[in-house]
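Have a look at the structure below before the remarks.
These numbers were taken from a predicted model, which means no experiment stands behind them.
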Amino acid sequence: MASPTPSLESRANSLGSPVSLSPVTVSGSSPPASDSAICDVDSCDLCLDAPKSGEDPCPRCRLGSTGGTSRIRCTGCKSTEAGAVARCYDCDQFLCPNCVMAHQYMLCFEGHRLLNLADSKLETVGSGGGGGGGRWWQDSGYQRHRKQQQRWQRREAVATNAAPGDSVLDLTSKLMSATAIFPPKSQIKRQKMIYHCKFGEFGVMEGQFTEPSGVAVNAQNDIIVADTNNHRIQIFDKEGRFKFQFGECGKRDGQLLYPNRVAVVKTSGDIIVTERSPTHQIQIYNQYGQFVRKFGANILQHPRGVTVDSKGRIVVVECKVMRVIIFDQTGNVLQKFGCSKHLEFPNGVVVNDKQEIFISDNRAHCVKVFNYEGSYLRQIGGEGITNYPIGVGINTHGEILIADNHNNFNLTIFTQDGQLVSALESKVKHAQCFDVALMDDGSVVLASKDYRLYIYRYVQVPPIGM
């Protein structure tokens, strides 16, 4: 049985205190402990001061005019000598040229954001339409993030000089406002949560995964996993015990090709599967894994999130083209609309019983809400509270849960009109996370890039201003 690839948490070592000025070399034997230990150019207080020529580099990220990139070693592979030329924001690793090439050519790295250490420009893998590279982000977007961080710093300085009674932020009222300015995540005290079950490892056998990129839960709390690179769907019980699987690589009926997301029709138990390119279609299987039908290949382009409403309508959100398409279960298109004016990188979707569509937007750091006619209604969450969300769900109380993987695995809970209810974070750090699904018992299933699934039970505790 193959052993899983070591996760980030198993390789974690600290870069040292952000205030330490002693030089630190990042090597393969001492990778960074977390996002907070590595400097993001758009979130490092010291980097925002823009070192002048001849000054020392930032002591957190080691990037500066005098340090260059020669002092940084690759942490993405086993090499201990290769120098880093880029950094991946999603993997939290410094990358040598070989690792950069792997990011450009491997499907599992599509959408990862790479920082070119030579000129401090961001590249999104796969955005250029080919495996050989993508387009560079415009400097205006980079400057926008820097200016946002500087605004946070000024607000923190004002809050520090204010009266003690004025220093506590009324987060709910700010979240309710359409022009809300969110405080940095450090001002939200999150309740710790731990997982009570984990299962899976790397491989092709039963209960093993090569890319568990989609997860859903049926009415019996069985866990349905899209094992993308193994071209199959696996079903587990609520304790993580393997039950059965279906699908094999191919384009014929009953075969799958890179299934990336799953959803369930709660009344019938039918399983809805979306496939990414080259087939980019929807397949429906019954609760026993028997093929029913497939459709959408001539309409869909980049399906990224899928859900089923209470009437059995299938709602799909597409990235890149920024579009929502609503099907009935026979494949007829009931509604479709573009939302490129409001979305940047959608990756999850859920609907309520009021025909409102909640879409998590990874790059906009929030959830955007639309109705079935395509009208934009409101935003839930925002930068500093729900950074880089990976999915969204609605629990049995009708509350909106937004999951993100920034620093920790975080859950932020809101009412459907955007009022903050509670905030939680995992005690352990995870590798990049793919998807989440909610269970009826107040648990959330997390599909992680370390080839495992984790089940967390969340306890709703109101956030506390620090």
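- In this structure E275 satisfies the side chain to side chain donor-acceptor pair (under 3.5 Å) test together with T279, Q281, Q283, sequence neighbours excluded.
- For K192, the side chain to side chain donor-acceptor pair (under 3.5 Å) criterion is met by E425, not counting sequence neighbours.
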For residues 442-449, tabulate all N or O donor-acceptor pairs below 3.5 Å that involve a side-chain atom, not counting sequence neighbours.
unit_1, atom_1, unit_2, atom_2, d
S443, OG, D441, OD1, 3.1
S448, OG, D450, N, 3.4
S448, OG, D450, OD1, 3.0

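- One N or O on the side chain of D435 and one on the backbone of V215 form a donor-acceptor pair closer than 3.5 Å.
- The pair D222-K243 meets the salt-bridge criterion, since a charged nitrogen lies less than 4.0 angstrom from a carboxylate oxygen.
- Taking the centre and axis of the six-membered ring of Y388, the NZ or CZ atom of R113 falls inside the cone set by 45° and 6.0 Å.
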| field | Chi angles and distances behind the salt bridge (Lys or Arg N to Asp or Glu O under 4.0 Å) call for R276, E318 | value | CA-CA 10 Å; R276 66 190 188 196; E318 297 187 278; over 6 Å; no
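- Panel note: side chain D361, backbone K368; no donor-acceptor pair is recorded below 3.5 Å.
- For N230, the side chain to side chain contact (heavy atoms under 4.5 Å, CB included) test picks out V204, T210, D227, R232, with sequence neighbours left out.
- For the side-chain contact (heavy atoms from CB on, under 4.5 Å) with V349, the lone residue among V317, V392, V324, V367 that qualifies is V317.
- With salt bridges taken as basic N to acidic carboxylate O contacts below 4.0 Å, none links E383 and R363.
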| request: Decide ring pair (Phe, Tyr, Trp, His ring centres under 6.0 Å) for Y456 and H430; before the verdict, give the C-alpha distance in whole Å, the side-chain angles of both, and the deciding distance to 0.1 Å. | output: CA-CA 13 Å; Y456 281 88; H430 292 277; 5.8 Å; yes
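- The closest donor-acceptor contact from the side chain of S360 to the backbone of G348 lies under 3.5 Å.
- F242 meets the ring-ring contact (aromatic ring centres under 6.0 Å, His included) test with F236; sequence neighbours excluded.
- Residues passing the ring-ring contact (aromatic ring centres under 6.0 Å, His included) test with H231 are Y258, sequence neighbours excluded.
- Rounding to the nearest 0.5 Å gives a distance of 5.0 Å between CD1 of I455 and CE of M439.
- With sequence neighbours excluded, no residue forms a ring-ring contact (aromatic ring centres under 6.0 Å, His included) with H196.
- Taking the side chain to side chain donor-acceptor pair (under 3.5 Å) definition, one finds that S213 meets it with T228, sequence neighbours left out.
- With sequence neighbours left out, F358 forms a ring-ring contact (aromatic ring centres under 6.0 Å, His included) with no residue at all.
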| request: Begin with the C-alpha distance, continue with both residues' side-chain angles, and end with the deciding distance and a verdict on side-chain hydrogen bond (donor to acceptor under 3.5 Å, both in side chains) for N260 and T274. | output: CA-CA 6 Å; N260 65 338; T274 62; 2.8 Å; yes
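- Here A263 pairs with I272, V306, V308 under the side chain to side chain contact (heavy atoms under 4.5 Å, CB included) rule; sequence neighbours left out.
- In this structure V264 satisfies the side chain to side chain contact (heavy atoms under 4.5 Å, CB included) test together with A216, N218, I224, sequence neighbours excluded.
- Partners of S426 under the side chain to side chain donor-acceptor pair (under 3.5 Å) rule, at least two apart in sequence or in another chain, do not exist in this structure.
- When every heavy atom of F434 is checked against every heavy atom of R261, the shortest pair comes out as O-NH2, 3.6 Å.
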